[in-house]
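Everything numeric here is computed off the predicted structure, so don't read it as measured data.
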Amino acid sequence: MTLYLGIDFGTSGARAVAIDDHAGIQAQVDFPLDRQTPELWQEGLFALLDQLPLSVRQSIGAIAIDGTSSTVLLCDRSGAPVVEPILYNDARGITVMETLREIAPPNHPAIGATSSLAKLLWYARHPKLYPDALHRVATTGLFFLHQADWLGFQLHGQIGISDYHNALKLGYDPEHLFYPEWLRLALPQLFTKFIPYLPHVVKPGTPIAPITAEMGDRFGLPADCVICAGTTDSIAAFLASGAREPGEAVTSLGSTVVLKLLSRDRVDDARYGIYSHRLGNLWLTGGASNTGGAVLRHFFSDRQLTEFSESIDPNIESPLKYYPLLKPGERFPLNNPELPPRLEPRPNSDVEFLHGLLESIARIEARGYEVLQEFGATGLKRVYTAGGGSKNPTWTAIRQRRLNVPVITPTHTEAAYGAALLARMQDRG
C-alpha cells in the first residue's frame, strides 16, 4: 500500500498526516513550535519523520509540505541561511511600500507590508545584516526562499524551487506562469552587490525529485519517494475541506474571518486585500475581515459562548447592528483603515448581546461573499467552515440564514491533511 505524507508548518506547531490511496488517515504526528527559526523548523521536520511508525515511512510514495505564507529567508547554495528569516506577520516591509508601489502594477497582490516582495526589498536595503556571508555567495549565489521551499530542500536537495501559491506575493504571475518584466527589471536596481536568485516556480504538487539518499537512509523512506512542490498553510487547509467545485467556499472562523471562494474567474484588488491563487484551472479568491472570534473571546469565556448560544433562536434576526472590532480599522469587505468598532447599544442581557455579535459577524461574512461576486467571482453555492467557530451550531444556523446556501462542517480541516492530498495528486489536478 502506497501512502502519501503531508507536512504542515503553522504558526504554533508542525504536523504530519499520512493517507492512503482512498484518502484515509493511516498516521498523524505533531511537533510544537515555541519559536520560528530555521534550526527549529529542521528539528521539527526530522522529529515528525522520526515519530512516524517505520512501517508507515517505508510505504510513503510522495511528500508535500506547506508553510506559512510569506515567511521568507536568504540562503547560500548549500541552503544555509545567511540572515534571520522574516516571518509571515512581520510588517517591517511598511518601510519599503513607496518603492513597492513604484515598481509593481496598481493593486497587485504583492503590494502589502507583509508580502514576500516587500520582505525581499527590505533585505535589499539592509545588506549590512549579512556581511559575513557575502564572500560565500560571491561564488555560490544568493537564494531567496519561502519556508516551504526551504523545508522541501531539506528532503530533495534541489535549491531554489517554489510553487505558484507561495510565489504569488513575490510577484510571480500564476496566470501566464512567469516572473513579469517589471520585477526582473527592478532587481538590479535594488541589490547593489549580489542579486538573489528567485526560485524556479512550478505547479503545487509537481514532483521535484526523489528523497536524497542521505534522508532516505536516515528515516527509512523508499528510494523512489518523491518530494513534491508544496503550498501555503491556508490553501492546504482549503484543500482539506473537500471544496472542489466553482462556487464552493471555505470560511475560517478563527480570531478573524477569512473567506476563500473557488471561482472560474480571477479576482484581484489589493485595496480590499482581495487576491486570487491559481488552483488547477480555477481561481481561489478571497479576503479577510478583522472581525471574528477574537472579539467574542474578549467578551465571553468558552463556557459562556456555549451556554449563551444555546439560549439563542437562530431563526430570529437580531435587531442589533454591530461592527465587531477590537480596534479601529477594516480592509474587507469595507476598505476603511479608520473604521471604528461599533458595539453599542449593549443590552442588559448577555444572550441578546452575543446574539447581536454573532448576527453581525455573519452579516459581514455574507457581505464579503457579495463583494467577491461583485468583483466577478463565481456565485456562491456552498460554504464549508473551518476554525473554532465551526463548532457552534447556533452560529452555523445564523450564518446559513444569512448566506442562504448550505453551510457544512467538513470532516477534515487540518492543513497537513490538505498537503497529503496534494502529495497524492502528484500533479494530476
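Taking D302 as the reference, R297, L305 meet the side chain to side chain contact (heavy atoms under 4.5 Å, CB included) condition, with sequence neighbours excluded. Applying the ring pair (Phe, Tyr, Trp, His ring centres under 6.0 Å) criterion to H355, with sequence neighbours excluded, gives no partner residue. For T68, the side chain to side chain contact (heavy atoms under 4.5 Å, CB included) partners two or more places apart in sequence, or in a different chain, are T11, T71, Y88, Q147, D233. A search for side chain to side chain contact (heavy atoms under 4.5 Å, CB included) contacts involving N89 returns L87, not counting sequence neighbours.
The shortest heavy-atom contact between A113 and I94 is CB-N, 3.7 Å. M215 approaches Q154 most closely through the heavy-atom pair CG-O, 3.4 Å. Closest of all the heavy-atom pairs between Y164 and H277 is O-ND1, 4.3 Å. Looking at every heavy atom in both residues, Q373 comes nearest to G379 through OE1-CA, 3.1 Å. Closest of all the heavy-atom pairs between L170 and H146 is CD2-CE1, 4.1 Å. Of all non-hydrogen atoms in I7 and A419, the two that sit nearest each other are N-CB, 3.9 Å.
For the pair V407/T251, no side-chain contact is recorded, criterion being any heavy-atom separation below 4.5 Å from C-beta on. Between P246 and S263 the shortest side-chain heavy-atom distance does not fall below 4.5 Å. Residues L380 and L403 have side chains in contact (heavy-atom distance under 4.5 Å, counting atoms from C-beta outward). With contacts defined as side-chain heavy-atom distances shorter than 4.5 Å, the pair L190/L120 does not qualify. T413 is not listed as a side-chain neighbour of S390, based on a closest heavy-atom distance of 4.5 Å or more. At a threshold of 4.5 Å between non-hydrogen side-chain atoms, the residues I19 and L421 count as touching. I227 is listed as a side-chain neighbour of I211, based on a closest heavy-atom distance under 4.5 Å.
R125 and T95 share no side-chain donor-acceptor pair at under 3.5 Å.
One N or O on the side chain of R184 and one on the backbone of Y179 form a donor-acceptor pair closer than 3.5 Å. Between the side chain of Q28 and the main chain of R15, no donor-acceptor pair closer than 3.5 Å is present. Between the Y4 side chain and the A18 main chain, no donor and acceptor come within less than 3.5 Å of each other. A donor-acceptor pair is defined here as one N or O able to donate and one able to accept, closer than 3.5 Å; no such pair exists between the side chain of E359 and the backbone of I398. No donor-acceptor distance shorter than 3.5 angstrom exists from the side chain of Y172 to the backbone of P180, with no hydrogens or angles considered. A donor-acceptor pair is defined here as one N or O able to donate and one able to accept, closer than 3.5 Å; such a pair exists between the side chain of T396 and the backbone of N392. Put simply, the side chain of S360 never gets that close to the backbone of L357: no donor and acceptor are under 3.5 Å apart. Listed for the R57 side chain is a donor-acceptor partner under 3.5 Å among the backbone atoms of L49. K119 contributes a side-chain N or O that, together with a main-chain N or O of T114, makes up a donor-acceptor pair within less than 3.5 Å.
In this structure, F46 and F219 have tilted ring planes: the angle between them lies in the 30° to 60° band. Using a 30° and 60° split on the angle between ring planes, H126 and W122 fall in the parallel class, below 30°. A parallel orientation is assigned to the rings of H176 and F178, their planes being inclined by less than 30° (bins at 30° and 60°).
In this structure, R363 CZ and T291 OG1 are separated by 10.0 Å, a value rounded to the nearest 0.5 Å. A distance of 7.5 Å separates OG1 of T378 from CG of L262, quoted to the nearest 0.5 Å. Atoms CZ and OG1, on R101 and T99 in that order, are 10.5 Å from each other to the nearest 0.5 Å. Note that the CH2 atom of W182 and the CD atom of E102 stand 13.0 Å from one another [nearest 0.5 Å].
A salt bridge is absent between E245 and K381: the closest approach of a Lys/Arg side-chain nitrogen to an acidic carboxylate oxygen does not fall below 4.0 angstrom.
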CA sep, side-chain torsions, deciding dist, call: I274, T285, side chain to side chain contact (heavy atoms under 4.5 Å, CB included):
CA-CA 7 Å; I274 298 172; T285 184; 3.8 Å; yes
Trace of the side chain to side chain contact (heavy atoms under 4.5 Å, CB included) decision for L198 with L187:
CA-CA 10 Å; L198 300 185; L187 287 180; 3.8 Å; yes
May I have the step-by-step check of side chain to side chain contact (heavy atoms under 4.5 Å, CB included) for V383 and Y369, ending in yes or no?
CA-CA 10 Å; V383 174; Y369 283 117; 4.2 Å; yes
Apply salt bridge (Lys or Arg N to Asp or Glu O under 4.0 Å) to the pair R266 and E175, showing each step before the final yes or no.
CA-CA 9 Å; R266 182 180 183 180; E175 185 169 2; 3.2 Å; yes
Start with the C-alpha gap between L117 and L183, add the side-chain angles, then the distance that decides, and say whether side chain to side chain contact (heavy atoms under 4.5 Å, CB included) holds.
CA-CA 9 Å; L117 184 54; L183 178 58; 3.7 Å; yes
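Partner of S289 under the side-chain contact (heavy atoms from CB on, under 4.5 Å) criterion, out of I364, L259, T256, I361: I364 alone. Residue I65 forms a side-chain contact (heavy atoms from CB on, under 4.5 Å) with just one option from L155, D8, D149, D163, and that option is L155.
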For residues 234-241, tabulate all N or O donor-acceptor pairs below 3.5 Å that involve a side-chain atom, not counting sequence neighbours.
unit_1	atom_1	unit_2	atom_2	d
S241	OG	F238	O	2.6
S241	OG	A243	N	3.1

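Checked against the 6.0 Å centroid criterion, the rings of Y197 and F143 qualify as a close aromatic pair.
Pairs engaging residues 209-227 under the side chain to side chain donor-acceptor pair (under 3.5 Å) rule: none recorded [sequence neighbours left out].
For E338, the CD atom sits in a loose shell: 12 or fewer heavy atoms of surrounding residues, nucleotides or ligands are nearer than 6.0 Å. Within 6.0 Å of CG on N281 lie no more than 12 heavy atoms contributed by other residues, nucleotides or ligands. Crowding of R367 atom CZ: a count of heavy atoms from other residues, nucleotides or ligands under 6.0 Å exceeding 12. Counting heavy atoms of neighbouring residues, nucleotides and ligands inside a 6.0 Å radius, atom NZ of K327 does not exceed 12 of them.
Geometrically, R342 does not engage Y323 in a cation-pi contact defined by less than 6.0 Å to the ring centre and at most 45° from the axis.
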